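To start, the structure itself, in structure tokens.
The figures that follow rest on heavy atoms only: side chains count, while hydrogens, waters and symmetry mates do not. Worth saying up front: this structure is predicted, and the values here are computed from it rather than measured. Position 1 is the first residue of the sequence; numbering continues from there.
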Amino acid sequence: MATNHSSDDESTRLYHPYQSYELPIKAQHLYKLPTSPEYLFTEESLKKRRSWGENLTFYAGTAYLGGSVAGAASGVISGVKSFEYGDTAKLKINRVLNSSGHKGRSLGCRIGAVGLIYAGIESGVVAYMDRDDVWTSVVAGLGTGAVFRAARGVRSAAVAGALGGMVAGGVVAGKQVLKRYAHI
């Protein structure tokens, strides 16, 4: 029901709540609604980043979803490989569903935990350093790898931390390349 009119103020739009009823309503009774996002405090409008809660939900959710889909695909393949001669169609479907469900759940939880740790460390680093750049993601990747594999020993944590930092740096660099050349 909102219509854009070119007027002297481009940051608002006119809202006519009774437009579909075709009632004769004068223009002064229309509402001027802002077109830009509204913020309670000016500091919120200066930030170009998600909050820590949104960040946590996004990373953990996408990691869990991606891990579950990859695990389910792997489970389908292992379920098909486990077919035996003489299995009925019902038994074959059962093997595939059980295998894909088990592997999807376990990989989804593992990767979701990595996403949760990464989001927490990244939000902590951003809050501590008060800036968000490439190095923030690299440090978060280092910390995530080290924390995720800390129970297996210092050497395993150091190797996983180095791999996590390289993966996070590669993802950020790839994102910058896509922004520059792919125009998505």
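When atom types are taken as modelled, the side chain of S99 and the backbone of R95 share no donor-acceptor pair closer than 3.5 angstrom. Here the side chain of S156 pairs no donor or acceptor atom with the backbone of R152 at under 3.5 angstrom. Using a distance-only test at 3.5 Å, with no hydrogens or angles considered, a donor-acceptor pair links the side chain of D87 to the main chain of E84. Put simply, the side chain of S78 gets close to the backbone of G75: a donor and an acceptor are under 3.5 Å apart. Under the 3.5 Å distance criterion, the side-chain polar atoms of S74 are left unmatched by any main-chain donor or acceptor of A70.
Closest approach of G145 to A160, counting heavy atoms only: O-CB, 3.2 Å. Scanning all heavy atoms of the two residues, the minimum distance from A168 to G141 falls at CB-CA, 4.0 Å. When all heavy atoms of G112 and A63 are compared, the pair lying nearest together is CA-CB, 4.0 Å. Scanning both residues, Y118 and A140, for their nearest heavy atoms gives CE1-CB, 3.5 Å. Between K103 and S106, the shortest heavy-atom contact is O-OG, 3.2 Å.
Here the OH atom belonging to Y64 is positioned 12.5 Å from the CZ atom belonging to R110, to the nearest 0.5 angstrom. For the atom pair OG of S137 and CG of D132, the computed distance is 6.0 Å after rounding to the nearest 0.5 Å. The distance from atom CG of L163 to atom CG of L142, rounded to the nearest 0.5 Å, is 10.0 Å.
Between N55 and E122, the closest side-chain pair of non-hydrogen atoms falls below 4.5 Å. With contacts defined as side-chain heavy-atom distances shorter than 4.5 Å, the pair V172/K175 does not qualify. Between I93 and L97, the closest side-chain pair of non-hydrogen atoms falls below 4.5 Å. With contacts defined as side-chain heavy-atom distances shorter than 4.5 Å, the pair H102/N98 does not qualify.
Taking Ile, Leu, Val, Met, Phe, Trp and Tyr as members and joining any whose side-chain heavy atoms lie under 4.5 Å apart, directly or through other members, the hydrophobic cluster of L56 also contains W52, L116. With side-chain heavy atoms closer than 4.5 Å counting as contact, directly or through intermediates, the hydrophobic cluster containing Y128 also holds V114, I117, I121, V125, M129, V139, V147, F148.
When the side chains of ILVMFWY residues are joined at heavy-atom separations under 4.5 Å, either directly or via intervening members, V126 and W135 end up in two distinct hydrophobic clusters. When hydrophobic clusters are built by joining Ile, Leu, Val, Met, Phe, Trp and Tyr residues whose side-chain heavy atoms come closer than 4.5 Å, directly or via intermediates, V171 is not grouped with L178. In the hydrophobic cluster analysis, where Ile, Leu, Val, Met, Phe, Trp and Tyr join through side-chain heavy atoms closer than 4.5 angstrom, L91 is grouped apart from V96.
Within 6.0 Å of the CG atom in D130, the count of heavy atoms belonging to other residues, nucleotides or ligands does not exceed 12.
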Step by step, work out the side-chain contact (heavy atoms from CB on, under 4.5 Å) result for K81 and I77.
-> CA-CA 6 Å; K81 286 182 179 178; I77 292 170; 3.9 Å; yes
